[in-house]
Amino acid sequence: MAKNLLIVESPAKAKTIEGYLGKDFTVKSSYGHIRDLVKSEDAIDIKNNFEQRYEVPADKKQVVSELKKLAKEADMVWLASDEDREGEAISWHLFDTLNLKDATTKRIVFHEITKPAILRAIDNPRKIDYNLVNAQQARRVLDRLVGFELSPVLWKKVKPSLSAGRVQSVAVRLIVDREREVNKFKSEAAFKIVAIFGKGKNAFKAELAERFTQQGDAETFLQDCAKAVFDIKSLDTRPTKRSPAAPFTTSTLQQEASRKLGYSVARTMQVAQRLYEAGHITYMRTDSVNLSDTAIAAAASEIVSAWGDKYHQSRKYKTKNASAQEAHEAIRPTYFNNHTINGESGEKRLYELIWKRAIASQMSEAQFEKTVAKIGISTRKEDLTANGEVMKFDGFLKVYLESNDDEEDNQTADGENAILPPLTKGQLLDLQEMTATERFSRPPARYTEASLVKKLEELGIGRPSTYAPTISTIQNRGYVVKEEREGRVRNFRVLTLKNENITKEEKSENTGAERGKLFPTDIGAVVNDFLVQHFQGIVDFNFTASVEKQFDEIAQGLQDWTKMIRTFYDPFHKDVQSTIETADKATGERELGVHPESGKKMSVRIGRYGPFVQVGESATEENEEKPLYASLRTGQSIETISLEEALELFKLPKVVGEFEGKPMKVAIGRFGPYISHNSAFVSLPKEIDPLDVTEEQAIELIEAKRKKDAERLIKSFPEDETVKVLNGRWGPYIEFGKLNVKIPKDITDPLTLTFEQCKALADAMPKDAKKGRFGKARAAPAAKAAPAKKKAPAKKAVAKKK
DNA sequence: CAGTGAGCGAGCTTCCGCTTGACTT
């Protein structure tokens, strides 16, 4: 039996370290935290110095009992969790839970998983740092108090099951604020002047720095240029350089994988996890840009052997982020000589990105020669400017170029890297063409998942391990949606000067189209406004930063954690209580105006089933007339919907005629406009406006759908006409009433299916798990359904008594 | 994929950070 038990947080790490340490050490993992606050309200004893009640969650029981057993048998237990607040707390929880003894327990730390680093750590053990543990407890207690007091306020004042927290509520606020900036934004048009000089290989572009807001001014400029002589007024050539970016942290990896590979932050983390577990990369949840000395040396030898000494430059990076805890290395390949790996294509691509970024970070800078030519115009006092750039040495650009957040900027940057022909001062230039193009100022960009992570990191909010889950949470709660939105067509004017002739034309472009951007929902906006109004301090962008400062003081032993929490909690709790007592229910209600025909009040707000328009006052005892209601459609918001758009909502659903003795109704559902007829549905093609569907069109569409369905039909049953075997997009399936049933793999020929078999398969389908691809997230209401069923007979019993 | 928008009211929801699996369609 090994004399030493060493415990780290991650099992993959444990495996590596075990290889370094030999027989005397058993290396095990705690799988992160092993204890957490109990779920119930008495987790924190507020009156008694915020004393906490912890428990080992069910999924950690086995880990804990195994560690307990091993600890008992070992002579010495080495607590080697990460060197940060959470890691220190994990060590303390282990110490406490496993009943360890001071004399036979040592705390060690390392920032990199290399043999020398581990051995050095073992030679320098210390005790558990209780100041650091206290700082973690303060963090944990504060987050629980905020989350579990704020969320119930929302259940009362907005809607059940909502949530609020120090991190997620600020994330939502960023998105709501940004959306409002976009909506408020007024685009301004101005004419941009671009000239092309020279012919063929010697052609180059020059631009005017100023822009003209009036078309007349742009035209005058072109007219003046028609007769002008152009000459090189000045030439300025100077060397410039560009340096490589630091190796990846979690946040920069997420950003770059989003831009270059189109991955969501969750996908990036999943793929990175697999690379880590396969031993290809170092730990992927890190805020450090630091590389170990062995890694720097390995990168150096790789660079020198591949491209020579000239391309190598050893660099150490420092984090700019004050909140970084730097318990790990930056994300890098474990072996730099593996330029690529075996694996699934997603893994390969992410690995190569990580490899290139890490390698490039140890390479020489790229060198350029940048030329700025000022071009004089004989008839005007302004100058045109031509920029040219020639790469003299590629350096790190041989392997890696960091991309930019702003795609449109990259497009307009084409003039930047252009190569200028040989030019001399005083040289006269031959104008080929000059254009004045109307350009529009752009609103601030909506957040993508990755750019939101970047912003949160800048604000010091959240940690590498929580970025991806936070992004999921705010979407799962319905505060935010990731969506594509269609743009609209916009016209712009172009004036062209060619051969001393000015022509004008109007062109059109698509603008405002968005892909994979985060939009706030109505509920997200209402919750945000409610929190901003009543809990300003918590959703303040600096709240985390200011509590972090205090956690740091606690960690240094300069402040008592219970006093800090007390100072925060008492006024906060007061706010919670007064809000519960005095605040109105938040519905986001907004008056739209009056109905043009009836003169009744029109308003929008959020109801039980989502946002809707109401025409007329709500029914009361005096006012017996019921108002009319209509739900808003996908993409519409109570904040921006107009009276006209609201009126449109009442035009549907409408009956457009009769077919086979049953009415045909046009409506708009979750998947767009459709016709319903005799409990069958037909989607409307995009080119047909749902408001002017004719009876003939509707019949035609229904018949076409029937014909198509008949072609897909493999088998039907005389026992029940609603049961069919059909050919679907992914192969055959059974349609059992409204339920779609998958055919099990052992049935190779669907023609052999009997009615009884179909029925059995349908019965075997879990009742609540039929909706959506993400059954797991939706499966929660199952718990809800159970007590409701229990209640039902009780109600009946009461009814019978009556 | 429809319509629903009163209230009754039990028991439920919820935080942030550390870690991996176990799961469908």
Side-chain angles (χ1 to χ4, degrees), chain A residues 8-13 29-37 39 41 43 59-60 63 81-82 84-87 89-90 93 136 139-155 159-169 273 276-277 283 285 327 461-467 469-470 473 477 544 587 605-614 618-619 626-631 653 665 667-676 679 681-683 730 733 738 740 742 766 769-781 783-784 786-788 790-791 794-795:
Chain A
V8 292
E9 293 182 34
S10 149
K13 230 187 248 182
S29 149
S30 73
Y31 292 80
H33 272 294
I34 53 148
R35 284 205 302 200
D36 193 14
L37 291 172
K39 285 263 176 248
E41 273 190 6
D59 58 332
K60 289 291 166 64
V63 180
S81 47
D82 298 345
D84 56 20
R85 213 158 56 199
E86 298 298 327
I90 288 174
H93 280 302
Q136 191 274 346
R139 200 279 305 155
R140 182 68 190 91
V141 167
L142 179 115
D143 282 335
R144 168 58 69 86
L145 290 173
V146 168
F148 276 39
E149 294 217 4
L150 234 38
S151 301
V153 180
L154 296 180
W155 305 343
K159 206 175 107 169
S161 303
L162 295 175
S163 66
R166 174 177 58 84
V167 172
Q168 58 169 283
S169 297
Q273 177 84 31
Y276 168 66
E277 281 168 16
Y283 196 56
R285 290 185 276 263
I461 299 172
R463 303 280 312 133
S465 68
T466 61
Y467 295 138
T470 300
T473 300
R477 294 271 175 278
T544 291
T587 62
R605 67 174 188 275
I606 294 185
R608 248 198 306 169
Y609 309 106
F612 68 100
V613 191
Q614 176 173 339
S618 299
K626 277 195 175 172
L628 286 173
Y629 302 102
S631 294
K665 204 194 269 178
I668 295 192
R670 256 201 313 150
F671 309 128
Y674 65 91
I675 302 169
S676 65
S679 74
F681 300 95
V682 189
S683 298
W730 297 291
Y733 67 97
K738 285 190 173 181
N740 286 352
K742 210 172 131 184
K770 58 181 181 244
K771 290 245 158 122
R773 278 161 50 82
F774 306 100
K776 220 179 175 183
R778 306 257 167 184
K784 247 184 189 174
K790 269 185 207 160
K791 258 225 97 185
K795 256 189 184 171

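Just so we're on the same page: letters track the sequence lines, and every chain starts at 1. Computed over heavy atoms, backbone and side chain alike; hydrogens, waters and symmetry mates excluded.
- No aromatic stack links A:Y629 and the base of B:dT4, using centre distance under 5.5 Å and interplanar angle under 30°.
- The backbone N or O of A:P469 sits less than 3.5 Å from a side-chain atom of A:T473, completing a donor-acceptor pair.
- On a pure distance criterion of 3.5 Å, no polar donor-acceptor pair joins the side chain of A:S631 and the base of B:dG3.
- If you take CD of A:E149 and P of B:dT13, they are 17 Å apart, rounded to a whole angstrom.
- Computed from coordinates, the A:H33 NE2 to B:dT20 P distance equals 13 Å when rounded to whole Å.
- Among the heavy atoms of the strands lying under 4.0 Å from A:P11 are primed sugar atoms or P, OP1, OP2 only; no base atom is included.
- In terms of modelled atom types and a separation under 3.5 Å, the side chain of A:S151 and the main chain of A:F148 share no donor-acceptor contact.
- In this structure, CD of A:E86 is placed 5 Å from C1' of B:dG17, rounded to the nearest angstrom.
- Between the A:E86 side chain and the A:Q136 main chain, no donor and acceptor come within less than 3.5 Å of each other.
- Distance CD (A:Q273) to P (B:dC18): 14 Å, rounded to an integer number of Å.
- Residue contacts for A:L162: at a heavy-atom cut-off of 4.0 Å it reaches the sugar-phosphate backbone alone, with no base atom in range.
- Across all strands shown, A:Q614 has no heavy atoms under 4.0 Å from either base or sugar-phosphate atoms.
- For A:R463 against B:dC16, no side-chain N or O and base N or O form a donor-acceptor pair under 3.5 Å.
- Projected onto DNA chain B by closest heavy-atom contact, A:T473 and A:S676 fall at different nucleotides, the more 5' of which corresponds to A:S676.
- Closest-nucleotide positions on DNA chain B for A:K159 and A:G462 were compared, and the one nearer the 5' end corresponds to A:K159.
- The phosphate of B:dC15 (OP1 or OP2) has no side-chain N or O of A:S151 nearer than 4.0 angstrom.
- In summary, the side chains of A:R285 and A:S465 do not present any donor paired with an acceptor at a separation below 3.5 Å, with no hydrogens or angles considered.
- Here the OG atom belonging to A:S618 is positioned 5.0 Å from the CZ atom belonging to A:R605, to the nearest 0.5 angstrom.
- Between A:R477 and the phosphate of B:dC15, there is a side-chain N or O to OP1/OP2 separation shorter than 4.0 Å.
- Distances were taken from every side-chain heavy atom of A:F612 (C-beta onward) to each of B:dC18, B:dG5, B:dT13; the shortest belongs to B:dG5.
- Backbone-only engagement by A:D82 is indicated by non-hydrogen atom pairs under 4.0 Å involving sugar-phosphate atoms exclusively.
- Atom CD1 of A:I90 is separated from atom P of B:dG17 by 13 Å (rounded to the nearest Å).
- Judged by ring centres under 5.5 Å apart and planes tilted less than 30 degrees, A:Y609 fails to stack against the six-membered base ring of B:dG5.
- Counting any heavy atom pair closer than 4.0 Å across all strands shown, A:R139 reaches a base atom.
- An OP1 or OP2 oxygen of B:dC18 is reached within less than 4.0 angstrom by no side-chain nitrogen or oxygen of A:R35.
- Residue-nucleotide stacking is not present for A:Y31 and B:dC18, judged by a side-chain ring centre under 5.5 Å from the six-membered base ring centre and planes under 30° apart.
- Side-chain proximity of A:S465 to B:dG5, B:dT14, B:dT19: nearest is B:dT19.
- Residue side chain A:F681 meets the stacking definition with respect to B:dC1: its ring centre sits within less than 5.5 angstrom of the base's six-membered ring centre, and the planes differ by less than 30 degrees.
- Side-chain atoms of A:S163 stay outside donor-acceptor range of the base of B:dT14, with no qualifying N/O pair under 3.5 Å.
- Counting any heavy atom pair closer than 4.0 Å across all strands shown, A:V146 reaches no nucleic acid atom.
- Per the geometry, CD belonging to A:Q136 stands 15 Å off P belonging to B:dC16, to the nearest Å.
- Under a 3.5 Å cut-off, the side chain of A:S81 and the backbone N or O of A:I90 do not form any donor-acceptor pair.
- No engagement by A:A89 is indicated, since no non-hydrogen atom pair under 4.0 Å with the nucleic acid exists.
- Checked against B:dC18, B:dT14, B:dC16, the side chain of A:D84 finds its nearest nucleotide in B:dC18.
- Between the side chain of A:S631 and the backbone N or O of A:F612 there is no donor-acceptor pair closer than 3.5 Å.
- Checking B:dT14, B:dT19, B:dG3 against the side-chain heavy atoms of A:P653 singles out B:dG3 as nearest.
- No donor-acceptor contact under 3.5 Å links the side chain of A:R285 to the base of B:dC18.
- Checking side-chain atoms of A:K60 against main-chain N and O of A:S30 turns up no donor-acceptor pair under 3.5 Å.
- Across B:dT13, B:dC16, B:dG5, the shortest atom-to-atom separation from the side chain of A:R140 is found for B:dC16.
- OP1 or OP2 of B:dT19 has not a single side-chain nitrogen or oxygen of A:S10 nearer than 4.0 Å.
- At a threshold of 4.0 angstrom between heavy atoms, the contacts of A:G165 are confined to the sugar-phosphate backbone, with no base atom among them.
- Rounded to a whole Å, the CG atom of A:L145 is 18 Å from the P atom of B:dT14.
- Residue-level contact check: A:P469 touches neither bases nor backbone, having no heavy atom under 4.0 Å from any strand.
- Computed from coordinates, the A:D36 CG to B:dC18 C1' distance equals 10 Å when rounded to whole Å.
- Contact annotation for A:Y467: no contact, since no heavy-atom pair falls under 4.0 Å across all strands.
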